[in-house]
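Heads up: the structure comes next, in structure tokens.
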Number of protein chains: 2
Amino acid sequence: MPEKLYELDERKQRVLKAVIDDYIESAEPVGSRALARKHDLGVSPATIRNEMADLEMLGYLQHLHTSSGRVPSSKGYRFYVDGLIPPKPVSDEEKALIDRWYKSRVQRIDQVFEETARLISAITKNVSLVLAPQMTQAQFRCLQFLPLDARRVITVLMTDAGFIENKILEMPDGAEFEDFQRMAAVINENLAGHTLKSIEHHALAQIRDEIRDEGLYDSALSIIQRALDSGKQERLYLGGTTKMLEQPEYHDVEKVKHMLMTLEEEELMKDILRAHIGDGLEVTIGQENEDSHFKDSSIITATYHLDGELLGTIAVLGPTRMEYAKAMSLLEYMNNNLTNVIKRFHW
Amino acid sequence: MPEKLYELDERKQRVLKAVIDDYIESAEPVGSRALARKHDLGVSPATIRNEMADLEMLGYLQHLHTSSGRVPSSKGYRFYVDGLIPPKPVSDEEKALIDRWYKSRVQRIDQVFEETARLISAITKNVSLVLAPQMTQAQFRCLQFLPLDARRVITVLMTDAGFIENKILEMPDGAEFEDFQRMAAVINENLAGHTLKSIEHHALAQIRDEIRDEGLYDSALSIIQRALDSGKQERLYLGGTTKMLEQPEYHDVEKVKHMLMTLEEEELMKDILRAHIGDGLEVTIGQENEDSHFKDSSIITATYHLDGELLGTIAVLGPTRMEYAKAMSLLEYMNNNLTNVIKRFHW
DNA sequence: TTTAGCACTCATCTTTTAAGAGTGCTAACA
DNA sequence: TGTTAGCACTCTTAAAAGATGAGTGCTAAA
């Protein structure tokens, strides 16, 4: 009996899909009559009622209270996403919108990430997250020191992909600015072209011989180390905190406040994205989320790679009632765009 | 008769002040009975009623509908701010909170502005705006070109105050990257120490003689010009979009959406700040705002200067029912802090 | 000039009523 | 045996109807 093998026979799947499609669109609990009217399932409301009762028994649907329509459960969405989801490619207008921007002149690299987040949330009407790549794989180009005052220097790190990080650092006691300048010259000469990662691991030691003064080497090493570290920081770009207000789920100010406060915790959000990193698209639905803040949200993540190396993650975050199909294909599309841009910058 | 001279006799002023104080605190229309109970005005509710009726006649108070308490009008707030406002200095805890941050290590200059915005909104529970200084007065330190691909270069501009701006620019046809590098060398040698403003006006022309090739000079000039222009851009930092939800005025999602969408229009907001620039603290109340989006908001701005030159503006934006006294003294305090930090960076 | 008293107005809260959507169950039907 | 019509019942939501109470404005007395 196929029913036991798959748990859901074909008609139950059709009903489940219809319920979810409907609910995603209307945000209202769906009842048997409306379902029979809209979707042409070929059976009467009574039959649908029976099926829905079964689906509820099996945990795919939920009743809010006796007598109001059904709402999908996390398990229901999961089944839907894994098997029933109708493909919904990015529309041509949306593609045009995206491509137009990606073709326009970019003035700073971080604008790419900012705008990616903005586009995703504009199209999905949900919050978007873009975790910008660590630069461990970027090739070191040069390091510059600029004196700020007697005790502090500005360090500027550039990589070949055009990423620029600057940071104010305190000089160790006794160190002279000129020493750093000399160090920088040595470093720039020796390490250009190495990846930041390899500099950390091997190359820094190699240039040790070049420097005569042992004490200077140690103190300089630490500050250079910190300068290089700044390149390994991941930046998080957030978009669509205004757009999410269009979702009926956030028509309650308390919920909005709660969500915004959670989103403001940058480290938490980064951790969540990092935890969700998968091979391609990864969908985490409602209860599946570990973090209690997101038990009734879904997160779709896509990671982008270059030459097998993980670069970063983009994500859509919204209520479990989300246009999964659309969000998924959009993320895929943006992912390609982003990878291409980054590749282009790497040339 | 002093009544006619000042329009409001002393008791009317006391009543007005009491009404506004009360309303700012409670966000509820205030009635005569409650007023008589809380504030010790020494007269009966009936008298207060008469006074309030007069104040309404004169335009200082408003009736929402017959029979509910009074609410201050823009004119009422204006009188309050200009003369009745009780001084409310920044509390010691707040000062400690602020000073703690300002003393901590800053890693990038823009963090100063970001954090200033964050602190202002955390304390006032309102939206804050920080317009970071143009760098026209900053001294040029150096300009660097980095090749990005065949047609584009990254330009990095640094000033003595540690501001760093980077920008991707397209090279004019026929120009070679090496040319720019040579140009940069000439420029860096000749223009270090000049202000960006003076470079624009005079100095660029002066170095013309140094460059032999006329065609190169022209094309290089344009790109350098654009690089320098990036230093003149004003950046706007926004804070407290989450904090503002604590105000009862924004307990309605539609209003929140509307406000957030307006705030997202960066150029509009910059224009508003620029228009409000005054000598010191400037308060614009409700109807006084030119922009229709802010007819029921108040904006308090403070501008910070250095050596007589305008640097930027910080502002609090909130509903007309706002703790003016607190916001004003806070802005003043932050203004000093910010000026000091910038001065320190200029050293 | 101040105040007490009183009628009147509204917003708001609560209760009531009505309508409607939806369910679950039973019994009939193919 | 699966499907469907019918029907009683539940529960939300919207509208209507009172009830409450804060607040006003006016008048007349102190």
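Just so we're on the same page: letters track the sequence lines, and every chain starts at 1. Remember, predicted model here, so these are calculated numbers, not experimental data. Side chains are part of it too, since the values below use all heavy atoms of this structure and drop only hydrogens, waters and symmetry mates.
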Query raised in the report: Going through the distances and angles, do B:E288 and B:K75 end up as a salt bridge (charged side-chain N to carboxylate O under 4.0 Å, His left out)?
Result: CA-CA 9 Å; B:E288 297 171 5; B:K75 185 177 175 187; over 6 Å; no

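- A 4.0 Å heavy-atom criterion places the boundary nucleotides of DNA chain D facing chain B at D:dA22 to D:dG25, written 5' to 3'.
- Separation of atoms CG (B:N126) and CD1 (B:I299) is listed at 11.5 Å; rounding is to 0.5 Å.
- The phosphate of C:dT9 (OP1 or OP2) has no side-chain N or O of B:H65 nearer than 4.0 angstrom.
- Less than 4.0 Å separates DNA chain C from at least one heavy atom of each of the following residues of residues 45-59 of chain B: B:A46, B:T47, B:R49, B:N50.
- OP1 or OP2 of C:dT2 lies within a sub-4.0 Å distance of a side-chain N or O belonging to B:R11.
- For the atom pair CG (B:L16) and CG (B:D21), the distance works out to 9.5 Å, reported to the nearest 0.5 Å.
- To the nearest 0.5 Å, the span separating NZ on A:K125 from CD on A:E246 amounts to 5.0 Å.
- Whole-Å rounding puts the B:E10 CD to C:dT1 C1' distance at 16 Å.
- Each of B:R14, B:Q13, B:R11 was scored for a side-chain hydrogen bond (donor to acceptor under 3.5 Å, both in side chains) with B:E51, with one residue passing: B:R11.
- Counting only N and O atoms by type, the side chains of A:T242 and B:E264 include a donor and acceptor under 3.5 Å apart.
- Taking the ring axis of B:Y250 as reference, the NZ or CZ atom of B:K255 does not stay both within 45° of it and closer than 6.0 Å to the ring centre.
- Shown for residues 22-37 of chain A: no residue has heavy atoms falling under 4.0 angstrom of DNA chain D.
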Verdict with supporting geometry, A:K295 and A:E290, salt bridge (charged side-chain N to carboxylate O under 4.0 Å, His left out): CA-CA 8 Å; A:K295 290 288 184 193; A:E290 304 244 323; over 6 Å; no

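- Taking 4.5 Å as the limit, some side-chain heavy atom of A:I285 sits within range of a side-chain heavy atom of A:Y324.
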